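This report concerns only the one structure given below.
We number each residue from 1, following the sequence as shown. Just so you know, these numbers come straight off a predicted model, no measurement behind them.
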Amino acid sequence: MIHVALLRGINVGGKNKISMASLKETFQRLGLTNVTTYINSGNVIFSDVQGDESGIAGEIESAIRDDFDLEIPVVLRNLSQMQALLDALPAPWVNDKITTANAMFLWHEIDNPEILDRLEVKPEYDEVSYVPGALLWRVSKEVLASSGMMRLAGSPLYRKMTVRNVNTVRRVAAIMQQLAGDA
C-alpha cells in the first residue's frame, strides 16, 4: 500500500533539522520501500506491506526519536485517502502571491466534522470545509492577519494537525499515484 508520512514541525524556522537523505535512510531501515521525500518539510512517500497505519506511524516516530533525538508527530495517509482529499479540493484553489490555501491534516482524535464548531472562522475572510482527515482552508493574503486561520495557529487544537499548502498536497498525491502505477 502507498502512504505518505506527514511529519509535523521539521525544518521550520531552523528548528528540528533533519536532512531528507537521512530521513529516507530511517524509513528504509524500518523496511519501508520505494521511499521518496518531497521538499524539505517532512513529506515522505513510501510503500509498505499492508501494515497497520497506527503501528507504522508509531514505528516512524520511534525511529525518528532514536535516529535524530527529536519528538516528531507523524500523520499517515494512504493513496485512497489522499485521492478523496484531492476530489474535495476546489480546482481553483492554489497557494500563490494572492491566496493562502492549505490542507490541515488532522490527528485521529480531532478528525470529525464537529471540528468546524471549534474553529474561529471569519466568514468574510475564510473559506473552510471539513473532509475526512483534513480541513481545507483558504484566505486572501491581504486579510490573512485578520483571519481565523491566524487565530488557530498556536492553539491546542493546532498542535493536533500538520499543515501543507494545496500545491504541495497536489504534488505529493501525484508522486503517490505515480508510485502506485509503477508497482
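- For Lys97 (side chain) and Lys141 (main-chain N/O), no donor-acceptor pair under 3.5 Å exists by modelled atom type.
- Taking both residues in full, the closest heavy atoms of Gln81 and Leu76 are given as OE1-O, 4.2 Å, listed atom of the first, atom of the second, then distance.
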Apply side-chain contact (heavy atoms from CB on, under 4.5 Å) to the pair Asn34 and Phe46, showing each step before the final yes or no.
CA-CA 5 Å; Asn34 301 312; Phe46 63 92; 6.0 Å; no

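- Note that the CG atom of Asp48 and the CG atom of Leu30 stand 11.0 Å from one another [nearest 0.5 Å].
- Hydrophobic clustering, with ILVMFWY side chains joined whenever heavy atoms are under 4.5 angstrom apart, keeps Leu136 apart from Ile110.
- Lys24 is not listed as a side-chain neighbour of Val44, based on a closest heavy-atom distance of 4.5 Å or more.
- Here the CD-CD1 distance, from Glu142 to Ile98, works out to 9.5 Å after rounding to the nearest 0.5 Å.
- When side chains are defined from C-beta on, Met176 does not count as touching Gln83, because their heavy atoms never get closer than 4.5 Å.
- For the atom pair NZ of Lys17 and CG of Leu70, the computed distance is 12.0 Å after rounding to the nearest 0.5 Å.
- Proximity of a side-chain donor or acceptor of Asp126 to a complementary backbone N or O of Val139 within less than 3.5 Å is not detected.
- In terms of modelled atom types and a separation under 3.5 Å, the side chain of Thr99 and the main chain of Ala101 share no donor-acceptor contact.
- Between Val75 and Arg8 the shortest side-chain heavy-atom distance does not fall below 4.5 Å.
- Residues Leu135 and Leu89 do not share a hydrophobic cluster, clusters being chains of Ile/Leu/Val/Met/Phe/Trp/Tyr side chains in contact below 4.5 Å.
- Taken to the nearest 0.5 Å, the OH atom of Tyr38 stands 5.0 Å off from the OG1 atom of Thr168.
- Using a 4.5 Å cut-off between side-chain heavy atoms of Ile, Leu, Val, Met, Phe, Trp and Tyr, with links allowed through other members, Val172 and Val94 fall into different hydrophobic clusters.
- Contact of the Leu152 side chain with the Met149 side chain is not registered, since no non-hydrogen atoms from C-beta on lie closer than 4.5 Å.
- Put simply, the side chain of Met82 reaches to within 4.5 Å of the side chain of Val169, judged on heavy atoms.
- Follow the hydrophobic side-chain contacts under 4.5 Å out from Ile72 and you reach Ile56 in the same cluster.
- One distance of note links CZ of Phe68 with CG of Asn16; it measures 11.5 Å at 0.5 Å rounding.
- Between the side chain of Asn102 and the main chain of Met104, no donor-acceptor pair closer than 3.5 Å is present.
- When each of Tyr158, Phe105, Trp137 is paired with Val163, the side chain to side chain contact (heavy atoms under 4.5 Å, CB included) condition holds for Tyr158 and for no other.
- The two residues Ala63 and Arg29 come nearest to each other via the heavy atoms CB-NH2, 3.6 Å.
- Shown here for Leu106 and Met161, the closest heavy-atom pair between the two residues is CD2-CE, 3.8 Å.
- Atom CG of Asp117 is surrounded by more than 12 heavy atoms from other residues, nucleotides or ligands within 6.0 Å.
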Full working for side-chain contact (heavy atoms from CB on, under 4.5 Å) between Asn43 and Leu6:
CA-CA 5 Å; Asn43 307 292; Leu6 303 162; 3.4 Å; yes

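- Among all heavy-atom pairs drawn from Ala103 and Val166, the shortest one is N-CG1, 4.3 Å.
- In terms of modelled atom types and a separation under 3.5 Å, the side chain of Arg170 and the main chain of Leu86 share no donor-acceptor contact.
- Under the 4.5 Å side-chain heavy-atom criterion for grouping Ile, Leu, Val, Met, Phe, Trp and Tyr, Val128 is not connected to Trp93 through any hydrophobic cluster.
- Side-chain contact between Trp107 and Thr162 is present, with heavy atoms from C-beta onward closer than 4.5 Å.
- One N or O on the side chain of Asp111 and one on the backbone of Gly133 form a donor-acceptor pair closer than 3.5 Å.
- The minimum heavy-atom distance linking Ala5 with Ile60 is given by the pair CB-CD1, 4.2 Å.
- Looking at Arg171, its side chain never comes within 3.5 Å of a backbone N or O of Ile39 through a donor-acceptor pair.
- In plain terms, the two heavy atoms of Glu120 and Arg151 that are nearest each other are OE2-CD, 2.9 Å.
- Counting heavy atoms from C-beta outward, Thr100 and Asn165 have side chains that stay 4.5 Å or more apart.
- Annotation: side chain of Asp67 is not in contact with side chain of Ser22 (no heavy-atom distance under 4.5 Å).
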What verdict does the side-chain contact (heavy atoms from CB on, under 4.5 Å) test give for Ile64 and Ile10, after you've listed the backbone C-alpha separation in whole Å, the side-chain angles of each residue and the deciding distance to 0.1 Å?
CA-CA 11 Å; Ile64 291 170; Ile10 69 162; over 6 Å; no

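- Of the possible donor and acceptor atoms, none in the side chain of Ser62 sits under 3.5 Å from a partner among the backbone N and O of Glu59.
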Which is it for Asn40 and Met20 under the side-chain contact (heavy atoms from CB on, under 4.5 Å) test, yes or no, and what are the steps along the way?
CA-CA 7 Å; Asn40 208 30; Met20 293 302 99; 3.3 Å; yes

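- Atoms CG and OG, on Leu116 and Ser129 in that order, are 7.5 Å from each other to the nearest 0.5 Å.
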